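Working notes, beginning with the structure itself.
Everything numeric in this text was worked out from a predicted model, so none of it was measured. Sequence lines set the chain letters: A, B, ... in the order given, protein chains first and strands last, and positions in each chain run from 1.
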There are 2 protein chains.
Amino acid sequence: MAKTSAPSTPKPSARDRLLAASDELFYNEGIHTVGIDRVIEKAGVAKGSLYYIFGGKDQLIEAYLFNRHQAWMHTVQQGLDAVDDPQAKMLAVFDQLGTLFAQPDFRGCAFMNATAEALPGSPEDRAATKFRGWIHELFGELARAAGAVDAKTLADQLVVLYDGANTTAQMDKTAAPARTAKTMAQLVLAATSFAAPLAD
Amino acid sequence: MAKTSAPSTPKPSARDRLLAASDELFYNEGIHTVGIDRVIEKAGVAKGSLYYIFGGKDQLIEAYLFNRHQAWMHTVQQGLDAVDDPQAKMLAVFDQLGTLFAQPDFRGCAFMNATAEALPGSPEDRAATKFRGWIHELFGELARAAGAVDAKTLADQLVVLYDGANTTAQMDKTAAPARTAKTMAQLVLAATSFAAPLAD
DNA sequence: GGAGCTTTGTACAGACCTGTCTGATACTGT
DNA sequence: ACAGTATCAGACAGGTCTGTACAAAGCTCC
């Protein structure tokens, strides 16, 4: 314990260490598969601290999924901010997926995976429902902003492409589906009727 | 159908009862979530019989996924046989998805769900890999049979649509993505170059 | 009837899992 | 210096899980 004098790396709080360990273990190996003991061992945290801080595994799972949601929202938003054209914004989402898929530890969408092992009403299920609401809102707003005549239909199509890219990338362990989905998104956009050409 | 209707009920073999119970429980609630005791209770089979017949839970999981694979292959084949045109065959797969999604107990693709909670090298992982091989072969052969100039690209696109329909239907609990994906598949086909118009 | 395979019922071992409890030890603000 | 909070370390209770063991009973086919 000589680190106190050197402020180089002030050890993260037990909470942050638990969240980091949860994120890695839950995402890589599944939520049910990983036990509390694995998490606290990786985090270097006493079991009592976990229950002191979070109250239980369910709340830890909630925090894990909440953080995943926030981080991904932030990443997508960065991609949207980088372009101006409304239609280009929709395609930018698939570019962000591409960089996500290329990460060596990519193992699919955390919410799809959580749903696969979750029972209705579980914290996983609730978090996934919130995530789905956001995804639909995202594409819905982008479609409306672009002036799509039938924004709902366009959004539904993009959601299917988004989900397909995720699933294919996970199942086949390749980043290629991001480009494949983007290509199809361009096809869809080309076949969509827009009201205003570019009103901003 | 019934072998003998004279006595009360010619109970199916312990093996078949175990498979039926596994199919229902594993698919509805997840493989890790469901314990052996739940399976044998639902099947009305002694625990010793399960180990006598299958040898362990892993082999039961393998058999469960194998049966799912066979059943779905059969269903898809029926859909293919119902139409003649090569391009229509591709679209027919999405129609089959539609009837699948409409079933009240639909809870996503069994192999995607199994992958979500499986570690690399597990029986689930191996079964999923086989399933993925079949899916790619299916669309690859249909694309070649239709005379697509770039059959691989077309097949990759259809796989993403297939996966997207499955995932969206599961996450949003609606059968609509089957139609949405089929519509996009038609767009994709319209944008694809085919060599021969109709050589059979 | 009898041999051999299948099935049953139940008890049990060993591992693992979540969660609780306790008592000691850091850290932090006043 | 002191109070309050955060954290640690480890033991333990109660439950569940997979898998094993064994004795008895059914079933099938010759």
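Note on B:Gly55: nothing from the nucleic acid sits closer than 4.0 angstrom, heavy atoms only.
Closest to the A:Ala14 side chain, of the nucleotides C:dT18, D:dG19, D:dC8, is D:dC8. Picking from D:dT18, C:dT18, D:dT7 the nucleotide with the shortest atom distance to the side chain of A:Ile53 gives D:dT7. Here the side chain of B:Tyr51 is nearest to one of D:dT20, D:dA6, D:dC8, namely D:dT20.
Residues A:Leu19 and A:Phe54 form a side-chain contact, since some pair of their non-hydrogen atoms from C-beta on lies under 4.5 Å apart. Considering only heavy atoms from C-beta on, B:Thr99 stays 4.5 Å or farther from B:Phe106 through its side chain. Considering only heavy atoms from C-beta on, A:Ile135 stays 4.5 Å or farther from B:Met171 through its side chain.
One finds a side-chain N or O of B:Tyr52 lying less than 4.0 angstrom from the OP1 or OP2 phosphate oxygen of C:dT6. Between C:dT6 and B:Ser49, no contact under 4.0 Å exists linking OP1 or OP2 to a side-chain N or O. Of the side-chain N and O atoms in A:Arg17, one or more sit less than 4.0 angstrom from OP1 or OP2 of D:dC8.
What separates CD1 of A:Ile40 from P of D:dA9 is a distance of 10 Å, to the nearest Å. The interatomic distance linking A:Lys57 (NZ) with C:dG19 (C1') rounds to 12 Å, in whole Å. For the pair A:Ile36 CD1 and C:dT20 C1', the computed distance is 13 Å after rounding to whole Å. Rounded to a whole Å, the CG atom of B:Leu50 is 16 Å from the C1' atom of D:dA21. Atom CG of A:Asp16 and atom C1' of D:dA6 are 14 Å apart (whole Å). Distance B:Leu60 CG to D:dC17 C1': 15 Å, rounded to the nearest Å. One can place CG of B:Asp37 at 13 Å from P of C:dT10, the figure rounded to the nearest angstrom. The nearest whole Å value for the distance from the NE2 atom in A:His32 to the P atom in D:dC17 is 12 Å.
Each of A:Gly48 and A:Thr33 was assigned the nucleotide of DNA chain C with the nearest heavy atom; the assignment lying further toward the 5' end belongs to A:Thr33.
Of the candidates A:Arg68, A:Arg17, A:Arg107, A:Arg68 is the only one forming a salt bridge (Lys or Arg N to Asp or Glu O under 4.0 Å) with A:Asp23.
For A:Arg132 and A:Asp163, the salt-bridge test passes: some basic side-chain N is under 4.0 Å from an acidic carboxylate O.
In this model, a side-chain donor or acceptor of A:Lys47 finds a partner on the base of C:dG19 within 3.5 Å.
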